[in-house]
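Reading through the structure tokens given below for one structure.
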There are 2 protein chains.
Amino acid sequence: MARVSPRTSEPAVRERLLETAAELITEEGPAALSTRRLAQEVGTSTMAVYTHFGGLPQLVRAVVSEGFARLAEHLAAVPMTDDPLADLAELGVAYRANAHDNPHLYAVMFGSASLGGYRLTRDELAEGRYTFDMLVAGTQRVMDAGIWKAGDAEAVAGQLWCSLHGFVMLELAGYYDGEPDAEGRVLLPMMANLASALSG
Amino acid sequence: MARVSPRTSEPAVRERLLETAAELITEEGPAALSTRRLAQEVGTSTMAVYTHFGGLPQLVRAVVSEGFARLAEHLAAVPMTDDPLADLAELGVAYRANAHDNPHLYAVMFGSASLGGYRLTRDELAEGRYTFDMLVAGTQRVMDAGIWKAGDAEAVAGQLWCSLHGFVMLELAGYYDGEPDAEGRVLLPMMANLASALSG
DNA sequence: GGAATAGGAATAACACCGTTATGACAAAAT
DNA sequence: ATTTTGTCATAACGGTGTTATTCCTATTCC
């Protein structure tokens with residue numbers, strides 16, 4: 001069984017592997033993450049990756065899991081006011097901001113092709129759906145306030161998610177590079193337009 | 001200078017490398033593409049990749065370029081009727097169909113993180129924008145017919161592209177796996193909803 | 001026609017990668 | 001005190017992209 005703490009209060013190797021791996025992906029991209037580089041960075045041997053995670057793919061999955069947690073934190077940090085529609089827009093802004101702060105990590109989270117081309121597991125999909133649930137809740141609030149006509153909040157939030165995710169991915173790919181104010185001139189109008197489609 | 005044809009009418013090695021690389025990515029994923037595997041498949045040595053393309057990344061760029069060409073073909077094959085709105089919907093359906101037929105290739109085309117984490121060049125972005133231009137033209141037709149209120153067709157098409165791309169990416173990642181009729185229940189309603197926001 | 005030349009391709013090597021087997025070592029459990 | 005168990009270091013295996021070198025062949029020039 002896992003040693004609780006080896007007397008010394010140093011952070012466990014597992015934690016440091018996770019943190020450093022996330023750092024490497026975030027700062028230098030997925031290609032910079034290798035067992036040898038990681039082991040050197042943490043100050044251990046490549047075996048640590050296998051004793052603690054079972055292999056590099058599983059470690060990446062753990063990093064992805066933390067990425068979803070960060071995203072959830074970003075979204076949860078958005079304050080709820082008495083203007084549900086503005087709150088929903090802020091949710092979109094926070095969603096994009098998180099992807100911008102961790103572009104490589106975001107790409108790994110949703111980019112099914114990267115890092116050996118593994119597919120997301122049921123659990124990872126569930127973590128993504130948790131993000132989606134926040135959009136559903138925000139949409140439901142707008143409907144409950146009578147700003148949008150009542151309807152299938154999941155379907156509407158799904159459309160919202162597609163637009164958000166698509167915009168973020170295109171932006172990360174390099175489109176909108178010549179756009180100085182993508183948030184004000186693309187993201188917000190997009191959400192406003194979706195809103196107008198459902199108002200009344 | 002490049003030999004025009006070595007007397008024999010066999011397809012040039014460069015062409016076969018390109019075709020086989022696209023096949024490998026399409027059928028087995030990006031991870032299956034390696035210089036040695038490719039050389040063996042084509043019946044040459046790994047050096048061919050370097051003499052013809054300069055390296056694996058450049059070859060991948062060439063494959064991506066062909067992927068954009070395929071996408072353009074798919075979209076150009078959509079017949080234009082006297083119902084511009086229906087045509088635009090068909091454009092979206094064709095867009096998704098192309099991504100479904102070549103999921104790995106589509107992911108490489110837009111997945112900035114995959115295969116060594118290279119960034120798209122200006123030229124590749126331009127090829128993607130050509131796809132975008134088709135959406136702009138389709139949108140313009142709807143506006144010209146008076147179905148949508150006249151306005152910035154580029155902005156509207158951009159929103160359309162975000163939604164389309166986001167939906168396709170999420171679908172390829174595994175969300176919507178439990179949805180038997182994603183086209184009818186997600187994609188088409190999404191486009192219809194965007195349409196209603198702009199009608200009048 | 002023969003020689004010079006240039007470009008394509010094969011071989012082998014280098015450094016790196018993920019992974020695994022082996023063994024040493026220290027902390028728990030008995 | 002001894003056994004057990006989890007952790008990590010070392011070294012090896014097969015694989016990767018890339019490069020230098022060499023050979024060969026087809027074109028080009030005279």
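Lettering of chains follows the sequences in order, A, B, ..., and the numbering in each one begins at 1.
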Would you indicate which nucleotide in C:dA9, C:dT19, D:dC8 comes nearest to any side-chain atom of A:H52? D:dC8

For B:N102, what residues pass the side chain to side chain donor-acceptor pair (under 3.5 Å) criterion, not counting sequence neighbours? none

N/O (side chain, A:S34) to phosphate O (OP1/OP2, C:dC17) under 4.0 Å: yes

Partners of B:E41 by salt bridge (charged side-chain N to carboxylate O under 4.0 Å, His left out), sequence neighbours excluded? B:R37

Tell me the interatomic distance from A:Y50, atom OH, to C:dT22, atom P, rounded to whole angstroms. 17 Å

Grab the CG-C1' distance between A:L56 and D:dT16 for me, whole Å please. 15 Å

Give every pair of a protein N or O atom and an N or O atom of nucleotides 9-11 of chain D that lie under 3.5 Å apart, one pair per line with the distance.
unit_1 : atom_1 : unit_2 : atom_2 : d
D:dA9  : OP2    : A:T44  : OG1    : 2.8
D:dA9  : OP2    : A:S45  : N      : 2.3
D:dA9  : OP2    : A:S45  : OG     : 2.9

Rounded distance (Å) that lies between atom C1' of C:dG7 and atom CZ of B:F53: 16 Å

Residue list, side-chain contact (heavy atoms from CB on, under 4.5 Å) with B:R141, at least two apart or on another chain: B:M80, B:P84, B:D87

Sequence neighbours excluded and cut-off under 3.5 Å, please list the side-chain donor-acceptor pairs for residues 174-181 of chain B, or say none.
unit_1 : atom_1 : unit_2 : atom_2 : d
B:E179 : OE2    : B:R185 : NE     : 2.8
B:D181 : OD1    : B:G184 : N      : 3.2

Nearest whole Å is fine: how far is C:dC17 C1' from B:R37 CZ? 19 Å

Is it true that, when you exclude B:Q58 itself, more than 12 heavy atoms of the residues, nucleotides or ligands shown sit nearer than 6.0 Å to its CD? yes

Rounded to the nearest angstrom, tell me the gap between atom CZ in A:R16 and atom P in D:dT7. 14 Å

Listed partners of A:F132 passing ring pair (Phe, Tyr, Trp, His ring centres under 6.0 Å), at least two apart: A:W161

Rounded to the nearest angstrom, tell me the gap between atom CD in B:Q40 and atom P in D:dG17. 13 Å

Nearest whole angstrom, please: distance from the C1' of C:dG7 to the CZ of B:R14. 15 Å

